[in-house]
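Input: a single structure, listed below in structure tokens.
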Amino acid sequence: MSAVPVGRRPALGRAAPLLALPLLLPFLAGCGDDGGLASAGATPTASGPVHLWPGREGAVVPPADPGGAPPEYVPGIAPVRDQNVHEIDPVALVQAEVRAHPGSASGPDGMPAETARAVTACGTDGADPKACPVLAPYYRDLTGNGRDELIIGIEFPERQMSVRAYTADPDGRLNRIMATTDTVISVELAGQDVILRIPSGNAGYEVNTTWSWDGKQRSMLPAREQIVRVPPNAPAPTSTAAPATPGPGTATGPGTAIATPGASP
């Protein structure tokens, strides 16, 4: 047996790094291979919106009524069964509103006098069905309650149109949840939204206004507006679905301005 010299220790401590070195070589060699991490360059500094004129006292938005908008029930219309708005005669519905608000020229019930007279004449003896300004109705669940709402269009002069929507409460009473009048290119349904395409004040553009159900206010509100550039020589919108037929008293007007793929039957 060889003696270990005094003052020297076996070189056990220096052997461990030599054994680990081959294990590190594959990792070191892979750093420059394809597929490894590579710099994408400098990242732009994120910047948030800058508040201009911070010292200016701005306008105040009044808080929403926590109780929501009161129901706007249509007088003179009998309650429906099981909240089924398909039972409603759309012409009789608009006629009831004309009787309840005679002579209204502005606001949600506003209607030109000649249109009100034409609505009153709808369905009477000798009246031309094509002259009735109440368009064929459409149905869609706008409120998310699993039941259809009733959507009605009324043609006004000068390409203007009144678009109205109605729902039935648990007692069957008919509640109007939307009423707007504008110069309309077309009306569309997308999911639970009603979209009005309206000419813009700038040539070559239109404004798309999206009306959506607001559960707190219990009515349809214009939730979004988008200015859209109209492509040159864009074709006119056409209806891709036949209007729904609710039963007796179906409205027949000068045309259907609501283009709705997938309208509820």
Side-chain angles (χ1 to χ4, degrees), residues 62-104 106-111 115-116 119-120 122-124 132-154 161-181 187 189-196 210-223 243-253 258 260 262-265:
D65 185 350
E72 189 171 346
Y73 293 118
V74 181
I77 295 294
V80 298
R81 297 168 295 177
D82 300 324
Q83 298 177 262
N84 182 12
V85 296
H86 291 257
E87 296 182 358
I88 297 296
D89 180 338
V91 171
L93 171 63
V94 179
Q95 289 174 335
E97 291 187 315
V98 171
R99 289 194 300 269
H101 305 277
S104 294
S106 60
D109 294 290
M111 186 177 294
T115 304
V119 168
T120 303
C122 290
T124 59
C132 183
V134 182
L135 302 181
Y138 280 83
Y139 301 90
R140 180 66 62 89
D141 179 6
L142 302 177
T143 64
N145 66 353
R147 299 179 182 273
D148 280 343
E149 272 69 51
L150 169 63
I151 306 165
I152 290 179
I154 308 169
M161 183 181 184
S162 175
V163 180
R164 304 178 181 185
Y166 307 81
T167 189
D169 70 4
D171 294 327
R173 294 174 297 177
L174 210 62
N175 174 24
R176 190 173 69 190
I177 58 175
M178 174 182 174
T180 184
T181 300
V187 185
L189 286 174
Q192 295 177 211
D193 296 334
V194 179
I195 303 174
L196 272 64
T210 301
W211 289 72
S212 303
W213 172 252
D214 187 304
K216 292 184 178 179
Q217 294 302 300
R218 295 180 294 179
S219 62
M220 300 286 288
L221 298 179
T245 303
T250 301
T252 56
I258 301 182
T260 55
S264 301

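Keep in mind that what you see is a predicted model, and the values were worked out from it rather than measured.
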Quiz prompt | Single hit among Leu93, Val80, Thr167 for side chain to side chain contact (heavy atoms under 4.5 Å, CB included) with Leu150 | solution =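 In the set Leu93, Val80, Thr167, the residue that makes a side chain to side chain contact (heavy atoms under 4.5 Å, CB included) with Leu150 is Leu93.
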Practice problem: Verify whether one side chain among Thr210 and Asp193 offers a donor that lies under 3.5 Å from an acceptor in the other. | Solution: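 Their side chains do not contain a donor-acceptor pair, so the 3.5 Å distance test is not met.
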Decide yes or no for [X] and [Y]: does some side-chain heavy atom of the first lie under 4.5 Å from some side-chain heavy atom of the second?
| X | Y | result |
| --- | --- | --- |
| Pro137 | Tyr139 | yes |
| Leu221 | Ser219 | yes |
| Arg218 | Ile177 | no |
| Leu135 | Ile152 | no |
| Cys132 | Val119 | no |
| Ile154 | Val94 | yes |

Practice problem: Begin from the C-alpha positions of Val194 and Met178 and carry the test side chain to side chain contact (heavy atoms under 4.5 Å, CB included) through to its verdict. | Solution: CA-CA 10 Å; Val194 179; Met178 174 182 174; 4.1 Å; yes
Check whether any side-chain N or O of [X] sits under 3.5 Å from a backbone N or O of [Y] as a donor-acceptor pair, and report yes or no.
| X | Y | result |
| --- | --- | --- |
| Gln217 | Gly68 | no |
| Asn175 | Pro71 | no |
| Thr120 | Ala116 | yes |
| Gln95 | Cys122 | yes |
| Asn145 | Arg147 | yes |

Quiz prompt | side chain to side chain contact (heavy atoms under 4.5 Å, CB included) involving Pro108 - partner list, sequence neighbours excluded | solution =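 Side chain to side chain contact (heavy atoms under 4.5 Å, CB included) check on Pro108 returns Arg176, Ala179.
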Quiz item: Residues two or more places apart in sequence or in another chain: which of them pass side chain to side chain contact (heavy atoms under 4.5 Å, CB included) with Gln192?
Solution: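 Scan of Gln192 (side chain to side chain contact (heavy atoms under 4.5 Å, CB included), adjacent residues dropped) gives none.
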Which atom pair, heavy atoms only, marks the closest approach of [X] to [Y]?
| X | Y | result |
| --- | --- | --- |
| Val187 | Leu196 | CG1-CD1, 4.1 Å |
| Ala190 | Ile195 | CB-CD1, 3.8 Å |
| Ile77 | Ala92 | CD1-O, 4.0 Å |

Practice problem: Check the pair Arg164 / Glu97 against side chain to side chain contact (heavy atoms under 4.5 Å, CB included), numbers first and verdict last. | Solution: CA-CA 11 Å; Arg164 304 178 181 185; Glu97 291 187 315; 2.6 Å; yes
Quiz item: How far apart are the C-alpha atoms of Arg81 and Glu87, what are their side-chain angles, what is the distance that settles it, and do they pass the salt bridge (charged side-chain N to carboxylate O under 4.0 Å, His left out) test?
Solution: CA-CA 8 Å; Arg81 297 168 295 177; Glu87 296 182 358; 2.9 Å; yes
Self-check item: Under the salt bridge (charged side-chain N to carboxylate O under 4.0 Å, His left out) test, residues paired with Asp171 that sit two or more places apart
Solution: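 If we apply the salt bridge (charged side-chain N to carboxylate O under 4.0 Å, His left out) test to Asp171, skipping adjacent residues, the hits are Arg173.
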Exercise. Determine, step by step, whether Trp211 and Leu142 satisfy the side chain to side chain contact (heavy atoms under 4.5 Å, CB included) criterion, reporting the C-alpha distance in whole Å, the side-chain angles of both residues, the deciding distance to 0.1 Å, and the verdict.
Key: CA-CA 10 Å; Trp211 289 72; Leu142 302 177; over 6 Å; no
Exercise. Output, in order, the C-alpha distance, side-chain angles, deciding distance and verdict of side chain to side chain contact (heavy atoms under 4.5 Å, CB included) for Trp213 and Glu149.
Key: CA-CA 11 Å; Trp213 172 252; Glu149 272 69 51; over 6 Å; no
Self-check item: Distance (rounded to the nearest 0.5 Å) between Met220 CE and Ser212 OG
Solution: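 Rounded to the nearest 0.5 Å, the CE-OG separation comes to 6.0 Å.
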